[in-house]
Amino acid sequence: MTISRRTVLGAGLAAPLLASPLLSRPAAAQRANGILRFGLSAFPPNLQPWVSTGASAGTVKMLTHRSLVTYDSKGELRGELAESWAIDGSGAWVFKLRQGCLFHNGEPVTAEDVKWSIEQIAGEKSTAYMRSQFQGIERVEIPDPRSIRIITKEPQATLPTWFANYNTFIIWRNSTANEPIGAGPFRLAGQERGSSLSLVAFDKFYKPGFPKLKGIKFIVYADENLRNAALQSGDVDMIEYVPWQSMAAVEADQRLKLDTVEGPFMDVLFNGSKPPFNDARVRRAVAHAVKRDDIVKVAFFGRGKPLEGLPIVEGTPWYDKELAHGWNYDPARAKALLTEAGYAGGFQTTLLSTAQFGMHKDTAEVVQQHLAAIGIQCELQLPDWSTRVSRGSRGQYDMAIHGVSADNNDPDGLTVVLDTSLSPTHGRSFKVDVPRTVAALAKGRGEFDQAKRVEIYKEMQRAALEEVPLVGLAWREQGYGMDKGVKGFTNLPGALTTSSGGMLEETFFG
């Protein structure tokens, strides 16, 4: 396998940029102003509070909005607009609102705002990422001005985590579609379409002393080598998605530090609305055709590990060694499955990815090569990220490469990638029928006994290995690079790393 062109770019493109006067080290006065310059990997397609458009958009939204709960630096749920939550005697979830929380227009956060936001997310015409989950809510009651009582159609053990998702925020109930008003630690002060966004601290944020920064300037570097060069030159203070081929250089730079975790993963998605990928045998053939070690080497420069099953973290109660290798590399098995499905001679298809992120493009190229070896000839399609998101949500593809994290570190956090009965989104297979997997997820979600949940989720893994709602490819390390003067930031553990942008509330210069 040949290392990708990204290696050459990383070595040849960054060097002249480091010497460029355009990337000169910032004056100390800029840092004294308390403005963090953050290198963002993509300009958000939109900042709608309930629509999923990727982790970069999520980073901005987490800072301008707030929900009932969020995650602390250890990855545990903590109260946000709600100070407490519990199940009452009848099985309803009751949240108690924190006093003193204000929206950016100065209006107080009320139970009516929470009820309205939930109803908007669950609405029949909603395009919200969590719409299907929220349609499991039967009704929302307001027992008193500071209490919200959520009655679900079925028991929901994991409901509080719904509100920690970075596409589930509480906004002012009189907001307009084009101007959602949130209650986050920062407010949007301006943007240059496609290039930058500026946030300023909200002076009435409910936490005294927070945010610790006076503002954040998000500067978009869609090219990962330019983004890394900007960090190394001092043109920005911090970047997301440190390129894997550049991680060692960041670690070796005495002025910089690298914070990585393993939790995100790469996968293959399918359009199950038409042949051939409406046949689980064809999807299983894809699963057995790919040699994952090549993806780890080529796309992630060894900073990851093969993923031959569902993305269940080793060492957790849900992990099973045998199930974790249920989609092992076995091209002979892949060819036999194709023959069984009626495609002994293979077929032509398309593989959607994006050239904007090297990890997506390089992963797609490896998958393309291995599928060709079993007779599946793929035409690569590599649009920009916004187009990739749009086409994925509309089902305008045959197969697609995606990089994602679960919503959280509980197996129910995989619902967003495995439950293909949910509303279409770019990070989930389109109209793939996996009834046993979906049923097992629902069963686990409704079970409060931990031992029973462990067995249910192993049952779910067995179902998914046969039904193939996606094909796991590789775990990857995900890193933030920053100047050593940047303090207080935490890269959240495991699947929560893509929610780490919320930690910028606690970030400061020291």
Side-chain angles (χ1 to χ4, degrees), residues 67-72 74-96 114 117-118 121-122 128-141 147-168 170 263 310-313 315-320 405-423 428 434-464 469 492-496 499:
S67 191
L68 296 177
V69 299
T70 189
Y71 294 102
D72 64 17
K74 295 180 180 179
E76 302 293 332
L77 280 181
R78 72 178 182 197
E80 197 66 65
L81 299 179
E83 62 182 11
S84 65
W85 57 95
I87 288 278
D88 68 11
S90 65
W93 281 100
V94 179
F95 291 80
K96 292 286 187 180
V114 177
S117 295
I118 292 172
I121 293 170
Y129 181 66
M130 298 290 286
R131 173 179 175 267
S132 294
Q133 289 93 322
F134 273 60
Q135 286 188 324
I137 295 173
E138 184 173 303
R139 66 183 183 278
V140 180
E141 297 177 347
S147 299
I148 300 97
R149 188 167 180 268
I150 300 175
I151 299 94
T152 57
K153 297 173 184 175
E154 302 290 341
Q156 297 287 349
T158 59
L159 182 141
T161 65
W162 296 0
F163 292 95
N165 185 283
Y166 60 65
N167 298 298
T168 306
I170 306 304
L310 292 190
I312 302 291
V313 177
T316 64
W318 334 99
Y319 181 82
D320 181 285
S405 287
D407 272 353
N408 52 64
N409 291 322
D410 186 280
D412 188 57
L414 290 170
T415 295
V416 293
V417 293
L418 298 180
D419 189 346
T420 52
S421 70
L422 300 178
S423 305
R428 189 164 50 239
V434 291
R436 289 171 52 211
T437 304
V438 172
L441 285 166
K443 187 177 179 182
R445 196 175 305 123
E447 180 56 65
F448 287 78
D449 183 276
Q450 176 75 346
K452 291 180 180 179
R453 292 187 86 226
V454 168
E455 291 308 311
I456 289 168
Y457 286 118
K458 289 184 179 180
E459 172 191 330
M460 183 271 290
Q461 292 177 68
R462 285 188 284 270
L492 296 180
L496 296 176
S499 294

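Hydrogens, waters and symmetry mates are skipped; everything else that's a heavy atom, side chains included, is used. For reference, positions follow the sequence shown, starting with 1.
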Could you state the interatomic distance from NZ (K443) to CZ (R436), rounded to the nearest 0.5 Å? 12.0 Å

Does a side-chain N-to-carboxylate-O contact under 4.0 Å join D419 and R428? no

N167/N165 under side chain to side chain donor-acceptor pair (under 3.5 Å): CA gap, chis, key distance, verdict: CA-CA 5 Å; N167 298 298; N165 185 283; 3.3 Å; yes

Can you confirm whether P469 sits close enough to V417 that some side-chain heavy atom of one is under 4.5 Å from a side-chain heavy atom of the other? no

Centroid-to-centroid, Y129 to F134, below 6.0 Å? no

Do you see a donor-acceptor pair shorter than 3.5 Å between the side chains of K96 and S147? yes

About how many Å separate OG1 of T70 and CG of L77, when rounded to the nearest 0.5 Å? 8.5 Å

Quick one: salt bridge (Lys or Arg N to Asp or Glu O under 4.0 Å) partners of D88, sequence neighbours excluded? R149

R139 and E141 ion-paired at < 4.0 Å: yes

To the nearest 0.5 Å, what is the distance between CG (D407) and OG1 (T415)? 8.0 Å

Any non-hydrogen side-chain atom of L310 less than 4.5 Å from a side-chain atom of M460? yes

Does any part of the side chain of Y319, heavy atoms only, come nearer than 4.5 Å to the side chain of V313, both counted from C-beta? no

